[in-house]
Amino acid sequence: MSSPARPARSAARPSRPKGAGQWALGYTEPLNANERMKKDQGGLEVRDRILNVYPHTGFDGIDPQDLRGRFRWWGLYTQRRPGIEGGRTAVLEPEELDDSYFMQRVRLDGGRMTADQLRVIADISTRYGRDVADVTDRQNIQLHWIRIEDVPAIWGALEGAGMTTAEACGDTPRVILGCPLAGVDGDEVIDGTDVIDEVVRRFVGDPTLANLPRKFKTAISGCADHCTLHEINDVAFVGVVHPELGAGYDLWVGGGLSTNPHLGVRLGAFVPPERVAEVWHGVAALFRDYGYRRLRTRARLKFLVADMGAEWVRTTLEKEYLTAALPDGPPPAPPRTEGRDHVGVHRQRDGRNAVGFAPRAGRLTGTTLRAVADLADQYGQGRIRATTTQKLVILDVADDAVDALETALAALDLVVRPSVFRRGTMACTGIEFCKLAIVETKGNARDLITQLERRLPDFDEPIGININGCPNACARFQVADIGLKGSLVPNDAGEMVEGFQVHLGGHLGTHSRLGRKSRGLKVTADRLVDYVAGLLETYQAQRESGESFADWAQRADEASLVSRPTPASRPTPASRPAGTPATAGGGTGG
């Protein structure tokens, strides 16, 4: 197979946006409060105050710029004050929304943990975080109910076990996604473990990259399933085999969701493994220098890529940031499967097994995490991985131990062979903890799984149901079969209540696309189960042979998408009052 030509140069050069706060064009004065905060002092520099000042002053003594700005550089966000309804999210001041507790994000590049590391996280959860832990869809683990007084002890425990919270949030290079089966999957194109480690070692915590226009998300993987979602990352390295140069990576840029979703674009460039760190740094530095800093709503790399085009990005990258041009290269092969979750039992190249299992939409407890760590030691070799779908995997399980491990996990309500509904449902943090959320997500996810399993026991088509508490897409609602964006919607009496704007037919894989949105397609939270069950029944009645839900939803008429199900015999628990904490259910976007 010959390499394709590099992207065609457009006839007209793209015009550079003026006055958008781009450092490379001379706009170095801060143009908004966030940029001013970062110029006053870098986010990484708050560490000493977190360790040595604020534990003594307490929450009320924290400087507001640190509290709502620089703390994020170390993975700390204030939680939402309990009892605040979703309708007040956009009208209250930050200090009215803030609780005096924090979410603490633990950065896990590639989703990799040892059993000992997981025990440390588990102990922190049970000792300091009310036994709550969320596996995110970016392979992190998040803890809640953290007090500022306890952060020094928490960081000491994490760092003593080789983990960090550095740049887990903020305008920084966030956690790097990697395949949970990297190095053990016999079908992988290339093992990305070493290059992920090199990028992290060289650049995470680098002050020259700690003030980006906004967050910067990365995926590096040779997974045959494309499990790291290269289409929606700012930069992605996707395993390919070059006909002359061997195994390496295809370079993608400009993906991202939130309120203005964009799928990433190929630059047509082949990146040898030994140049990944250089190229990653080049893309990050290009974003730092040319990214838009005037408006936070346009400060992601995707907007620059959309305005300037792939050819400009590649040319600028090669001329201004790399030591040499990159060779042209082939596109990635189609994914081996469309599921991308690594749930179930998968043969490793060494003859042992990777056993992936599903919590309920990412929610766990520290007590359960400790039990998982013990099982990883008992039945494997103490290696655990998080996935990009809020799942976990234990590696290195012998054939004769698989059944016993599966039974032990089931006793923890962790399922190796889950229903399509548990397997495919994700949820962000939601109103229980998130200050941006409008609706509850965790309980809705839990109840939806339970009720759909009861009402549609024979439904076995893969289905992705992503529940988001607000428009910011932490749970990727635009690329799900059924994407639910938290909103206030009218009920039958015309009152605005918790509910969801529905997006249908999104997909990442062979035919990547954003979901179909109909302005009038909304559902109240208390009717969510009825709506989804009815929609799936309509799909079963109308689908053509072999047709996926996503393909059907793209072609179905509007009347079919506004399902008219027979109501359940009783209301579902998802109708709990706004702001009431759930005890099980969703995860978060990480």
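Being a predicted model, the structure only gives us computed values, none of them experimental.
- Ring geometry for Phe433 against Trp145 counts as perpendicular: the plane angle is over 60°, on a 0 to 90° scale with 30° as the lower cut.
- In this structure, the ring of Phe71 has its center less than 6.0 angstrom from the ring center of Phe102.
- In this structure, the side chain of Asp131 engages the main chain of Gly366 through a donor-acceptor pair within 3.5 Å.
- No side-chain donor from either of His503 and Asn466 sits under 3.5 Å from a side-chain acceptor of the other.
- Residues Asp123 and Arg119 are not paired through a salt bridge, judged by the lack of any N-O separation under 4.0 Å between the basic side chain and the carboxylate.
- Summarising the geometry, atom CG belonging to Leu209 is positioned 5.5 Å from atom CH2 belonging to Trp280; distances are rounded to the nearest 0.5 Å.
- Side chain of Lys302 to backbone of Asn260: a donor-acceptor contact under 3.5 angstrom is found.
- Stacking of Arg288 on the aromatic ring of Trp23 is not recorded, the 6.0 Å distance cut-off and the 45° axial limit not both being met.
- The pair Asp171-Arg214 does not count as a salt bridge, with every side-chain nitrogen at least 4.0 angstrom from each carboxylate oxygen.
- Of all the heavy atoms in Gln390 and Pro359, the pair that sits closest is O-CD, 3.6 Å.
- The six-membered or imidazole ring of His281 lies away from that of Tyr321, with a centre-to-centre distance of 6.0 Å or more.
- Residues Lys517 and Lys485 are in side-chain contact: their nearest non-hydrogen atoms beyond the backbone lie under 4.5 Å apart.
- Side chains of Thr524 and Asp526: a donor-acceptor N/O pair is present below 3.5 angstrom, by distance only.
- Arg174 and Asp234 are not joined by a salt bridge, as no carboxylate oxygen comes within less than 4.0 angstrom of a charged side-chain nitrogen.
- Note that Arg130 lies in the cation-pi zone of Tyr101, set by a 6.0 Å cut-off to the ring centre and a 45° limit from the axis.
- The pair Glu159-Arg47 counts as a salt bridge, with a side-chain nitrogen and a carboxylate oxygen less than 4.0 angstrom apart.
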